[in-house]
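See below for the structure under consideration.
In what follows, chains are A, B, ... by sequence order, proteins preceding strands, each numbered from 1. When reading the values below, keep in mind they use all heavy atoms of this one structure, side chains included, and skip hydrogens, waters and symmetry mates.
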There are 2 protein chains.
Amino acid sequence: MNYKESHKLLLSNVSRFINLTELEKQKYISLLTEIKVDKRDFLMQAGEIAKYEYFITKGCLKVYTLDEEGAPHISMFAIEDYWTGDLSSFMTKEPSRYFIKATEHSELLGISRENYDLLFREIPKFERFYRILYQKSLISYIRRSNHGISLTAEERYLEFKKKYPQIVSRITQKDLAAYIGITPEFMSKIITKVNRM
Amino acid sequence: MNYKESHKLLLSNVSRFINLTELEKQKYISLLTEIKVDKRDFLMQAGEIAKYEYFITKGCLKVYTLDEEGAPHISMFAIEDYWTGDLSSFMTKEPSRYFIKATEHSELLGISRENYDLLFREIPKFERFYRILYQKSLISYIRRSNHGISLTAEERYLEFKKKYPQIVSRITQKDLAAYIGITPEFMSKIITKVNRM
DNA sequence: GAAAAAAAATGAACTAGTTTAAGACTTTTA
DNA sequence: TAAAAGTCTTAAACTAGTTCATTTTTTTTC
């Protein structure tokens, strides 16, 4: 069958871990919602219950919380071919503490909670897909949570730049500071220093 | 059937997410290895390939790395009814950077990589079990990786104490410092301050 | 149960990262 | 295309957390 580019990207993402028949592919696609957001639009805001988990087919978004002083802490940047959302709120149906905002015009495919549950009943292979997806994410978050605690800000910056060069060039230094966990002023110093070396 | 206490604990842990028939329970148990370690024994050391994922039926262990200066960074404490191991090395079969050491006499059930793979083929329901287990772990590591970056050491200590009071009372202050990401001296100051309040 | 080893407490001097403030540069909007 | 808003840089004074050194307390070992 002839799929849209966005659906092709998703099916290729899924086919890393499981093989689907034509019928299963069509069934899967029928469970998704297409979403488009402009730069600076919110995909969701703190206080809401996460309605969807998102696959990004185009663009870039930031997921962040605001602390008591109103300072942002970015927990992830998400670009094409990545998954994002607030998994905790999506699963528990409790209000989220996260904002998700597009840093560029972005296009996404969303799966609602009802369709996510239905997906496992209709195509049990997806248990395997998500088992492997979550396992891989878990491995990288375990590493990240250790590094956040044991590396200096400069080391965290260098590591991020090395791991995600495509992202560094698409975001502001200020947002990168909010991700690394430092002030924009100190981020500026680090970048000046690193460039001088 | 009449199961050992350790197997009962594991089966009850698994039954949170999936239901097994008697036959499946017996099959599952047949895939496990019983392991006992004394206080200060290593379950595994950096450089080795993680042979097992472990379920703890008794005791307490710490999972840690050593940095270039030889300073330990504890990534988790694991007690009864928790799972531990180095998931990354277990999956990729690359050498681990982690040490796992018993802080008390401990008893565990290990599943080898061959049996883990076999488990999914023999009892596909386990895809669901691990999908949910990893999903829940992922949610808590996402939170932890944000907190590691955005909270002060005192806030991280208070949060850990609140979330895991059973663990705080079983480990040394020094190990807690290596988990929180600070020096033992500063940990001592925080505790003195918090107790004074 | 005494000796040895490890953990905890305390304090002084230090460093990584913050705060505040001001000016230069870049992007967005009308 | 000018004005407004946001981002980046620099610098001085500050604070959270480190380092190093010493003493006290607790745990381990024989």
Under 4.0 Å between a Lys/Arg side-chain N and an Asp/Glu carboxylate O for [X] and [Y]?
X        : Y        : result
A:Glu127 : B:Arg131 : yes
A:Lys125 : A:Glu24  : yes
B:Lys25  : B:Glu22  : yes

Item checked: Presence of B:Thr172 side-chain N/O under 4.0 Å of C:dA7 phosphate oxygens OP1/OP2 ->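 It does not, given that no N or O in the side chain of B:Thr172 lies less than 4.0 Å from OP1 or OP2 of C:dA7.
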Notebook entry, point to check: Do any side-chain nitrogens or oxygens of B:Gln173 fall under 4.0 Å of OP1 or OP2 in D:dT26?
Noted result: no
Whole angstrom is fine here: how far is it from [atom1] in [X] over to [atom2] in [N]?
X        : N      : atom1 : atom2 : value
A:His73  : C:dT18 : NE2   : P     : 10 Å
A:Ile191 : D:dC8  : CD1   : P     : 8 Å
A:Asn195 : D:dC8  : CG    : P     : 13 Å
A:Leu176 : D:dT7  : CG    : C1'   : 14 Å
A:Tyr157 : C:dA16 : OH    : P     : 18 Å
B:Leu151 : D:dG17 : CG    : P     : 10 Å
B:Lys193 : C:dA8  : NZ    : P     : 20 Å
B:Ile182 : C:dA16 : CD1   : P     : 18 Å

Check: Within the distance-only criterion (no hydrogens, no angle test), does the side chain of A:Arg113 pair as donor or acceptor with the backbone N or O of A:Met91 below 3.5 angstrom?
Finding: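 At least one qualifying donor-acceptor pair exists.
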Could you work out which one of [options] sits closest to the side chain of [X]?
X        : options                : result
B:Phe186 : C:dG17, D:dT18, C:dT20 : D:dT18
A:Thr192 : D:dC8, D:dT10, D:dT18  : D:dT10
B:Thr152 : D:dT18, D:dG17, D:dT10 : D:dG17
B:Ser188 : C:dT10, C:dG17, D:dG17 : C:dT10

Item checked: Along DNA chain D (nearest heavy atom to each residue), the more 5'-positioned of B:Glu185 and A:Asp175 -> A:Asp175
Notebook entry, point to check: Does B:Lys62 make a cation-pi contact with B:Tyr64 (under 6.0 Å, within 45 degrees of the axis)?
Noted result: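 Cation-pi check for B:Lys62 and B:Tyr64: passes.
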Next item on the list: With a 4.0 Å heavy-atom cut-off, tell me which residues in residues 37-46 of chain B come close to DNA chain D, sorted by residue number.
Entry: B:Lys39, B:Arg40
Notebook entry, point to check: What is the ring orientation for A:Tyr116 with A:Tyr130, classed by angle as parallel under 30°, tilted 30 to 60°, or perpendicular over 60°?
Noted result: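 If you compare the ring of A:Tyr116 with that of A:Tyr130, the planes turn out perpendicular.
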Notebook entry, point to check: Does atom NZ of B:Lys174 have more than 12 heavy-atom neighbours from other groups under 6.0 Å away?
Noted result: no
Checklist line | Closest-nucleotide 5' rank along DNA chain C - winner of B:Lys174 and B:Lys189 | finding: B:Lys174
